[in-house]
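A short worksheet on the structure shown next.
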Amino acid sequence: MTRKIVFNAGPSALPLPVLERAKEELLDFEGTGLSILEHSHRGKAFTRVSEETLALFSELMELPKTHSALFVQGGASLQFAMLAMNFLKPGASADYLVTGHWAKLALQEARRLGTARAAADCAEKGAYVRLPRAGELALDPKAAYVHLTTNNTIFGTQWAEYPDVKGVPLVADMSSDILSRPAQASKFALIYAGAQKNLGPAGLALVAVNRDWLKQARTDVPDILRYQIHLDKQSLYHTPPTFAVYLAGLVLKWIKENGGAVGMAKRNEEKAGLLYGALDRLSGFYRAPVAKEARSRMNVVFRLPSEELDEAFVAEAGKAGMTGLKGHRSTGGVRASLYNAVSRRDVETLVSFMDDFARKRG
Ligand SMILES: Cc1ncc(COP(=O)(O)O)c(C=O)c1O
């Protein structure tokens, strides 16, 4: 079997040692005689996996004592709704920094439930190729919270420094860059992320919440959608996606063994440096539309001189063993997602392919 190099935007590459270990233990988890898939979520084996995974997530995120971690099903999209259901009370208003497709969806969901404002929207002709400048934020000092998306998966922008929101609780969707760098968790009242990019399989969301802020949450929400309930029940309010939690645990161990968030940041900076370096060097052929200061280290977006060449690039890269390079269906072009599990070597292979392609077709 030859494994491909996976540049998928999500679900995306998983570390090979993680997949190998999961394969090894699939039939018999730690000598228990059954698969982790077959263990009861209330049994000793899974309870330990769940507790260890929550603890490791908290450790790697460097959560302050004020914050707790929890797992929720439903991916990041459910979080768009759950956040507003819990924290957008009648009569209150929330601010959203609209920096891309997912940020816009988060705002739309909040608007179904209450008042939510776009405190910034940096779209230019429908594209989000930069981030708002400090002077462009029209923040409401009385907002229930400010929501931002740390990394724009589709257009390829990423906040390098978070904006000063003057004491209003800050909430982040970190789905596409969680644990790719230190999280600065103490800046946030709540962080959520779908697991399927940097942390494991789809369907699971990881949440970190400030417990004091949580005390202000609404209680007239169905239990399944209340953060407090999930916290009180240690993320075992109902049957969790046990295999996803187990696999996220293996990914977190791999992150720890490879230097934690700081180690990931170094690795990701180098990888992104290689790819953007190539794009800048070959700028007569490839075009990287994102403003330099807003470039994402996770999702590198670029175009070739024509749509035909974009397609040919993706097809030929596929033949050379690289998959997942097609841009999002809404933007076209090419996108290489360089999540934690993508190695420097994988990026070197891509860069050398880009050199060859530009030479042949440029
Ligand atoms: C930044 C961001 N937020 C939210 C989502 C939606 O995640 P999910 O599909 O888990 O609901 C995505 C998916 O790619 C994303 O990139």
Side-chain angles (χ1 to χ4, degrees), residues 6-14 57 70-85 96-110 112 116 118 120-123 127-129 131-132 145-160 162 170-181 183 188 190-208 224-225 230 240-241 243-245 247-248 251 268 290 294-301 324-331 335-342:
V6 182
F7 290 112
N8 278 346
S12 24
L14 284 167
F57 176 63
L70 42 117
F71 302 138
V72 188
Q73 304 197 37
S77 299
L78 182 68
Q79 291 304 304
F80 298 163
M82 201 165 149
L83 170 71
M85 282 178 167
Y96 281 72
L97 307 187
V98 182
T99 56
H101 170 82
W102 298 109
K104 212 185 326 177
L105 279 190
L107 169 64
Q108 274 171 22
E109 287 294 78
R112 287 182 215 284
D121 188 334
C122 55
Y128 289 89
V129 292
L131 288 162
Y145 57 83
V146 178
H147 177 280
L148 60 77
T149 312
T150 51
N151 182 72
N152 174 349
T153 325
I154 295 177
F155 290 91
T157 63
Q158 183 177 29
W159 288 93
Y162 299 124
L170 185 58
V171 174
D173 173 359
M174 288 197 186
S175 293
S176 50
D177 65 357
I178 192 152
L179 286 177
S180 68
R181 58 181 177 177
F188 298 94
L190 190 143
I191 294 168
Y192 64 87
Q196 68 270 29
K197 299 163 200 301
N198 274 324
L199 300 181
L204 175 71
L206 292 96
V207 175
I224 183 86
L225 297 169
H230 290 284
F243 193 69
V245 171
L247 218 79
V251 173
N268 292 326
V290 169
R295 284 175 166 180
S296 166
R297 289 180 181 160
M298 296 280 95
N299 310 98
V300 179
V301 168
L325 288 167
K326 194 169 163 29
H328 189 264
R329 60 187 183 281
S330 64
T331 57
R335 171 176 55 173
S337 296
L338 310 183
Y339 300 123
N340 289 344
V342 174

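Residue numbers start at 1 and run along the sequence shown. Just follow the structure's listing: the first ligand is 1, and inside any ligand the first atom is 1.
- In the vicinity of Ser77, heavy-atom distances shorter than 4.0 Å reach the ligand 1 atoms 6 (C), 8 (P), 11 (O).
- In this pair, Phe188 and Tyr162 present their aromatic rings perpendicular. The plane angle is above 60°, beyond the 30 to 60° band.
- Close approach to Phe80 involves these atoms of ligand 1, each under 4.0 Å from a residue heavy atom: 4 (C).
- At under 3.5 Å, a nitrogen or oxygen of Gln196, whether backbone or side chain, sits near a nitrogen or oxygen of ligand 1.
- Looking at ligand 1, you won't find any N or O of Asn151 less than 3.5 Å from one of its N or O atoms.
- Nearest residue to atom 1 (C) of ligand 1 from Asn299, Thr153, Asp177 is Thr153 (criterion: closest heavy atom).
- Here the shortest heavy-atom pairing between Ala103 and Val98 reads CB-CA, 4.0 Å.
- At a threshold of 4.5 Å between non-hydrogen side-chain atoms, the residues Val72 and Tyr192 do not count as touching.
- Ring pair Tyr145/Tyr96 is perpendicular by interplanar angle, where above 60° counts as perpendicular and below 30° as parallel.
- For Lys197, the heavy-atom gap to ligand 1 drops under 4.0 angstrom.
- Taking 4.0 Å as the cut-off, Gln79 does not count as a neighbour of ligand 1 on heavy-atom distance.
- Annotation for Asn8 and Gly324: closest pair OD1-CA, 3.0 Å, computed over non-hydrogen atoms.
- Per-residue contacts place Thr149 under 4.0 angstrom from the following atoms of ligand 1 (heavy atoms of the residue considered): 1 (C).
- Ranking the protein heavy atoms by distance from atom 3 (N) of ligand 1 puts Asp173 OD2, 2.6 Å first.
- The only member of Asp121, Thr157, Thr149 that meets side-chain hydrogen bond (donor to acceptor under 3.5 Å, both in side chains) when paired with Tyr128 is Asp121.
- The proximity of Ser175 to ligand 1, defined as any non-hydrogen pair under 4.0 Å, is limited to the side chain.
- Here the straight-line distance linking atom CG of Asn152 with atom CH2 of Trp102 works out to 10.5 Å at 0.5 Å rounding.
- Among Asn198, Asn299, Asn268, the single residue meeting the side-chain hydrogen bond (donor to acceptor under 3.5 Å, both in side chains) criterion with Tyr339 is Asn299.
- Considering backbone and side-chain atoms alike, Gly74 places every N or O at 3.5 Å or more from each N or O of ligand 1.
- Of the protein's non-hydrogen atoms, Ala76 CB, 3.4 Å is the one closest to atom 7 (O) of ligand 1.
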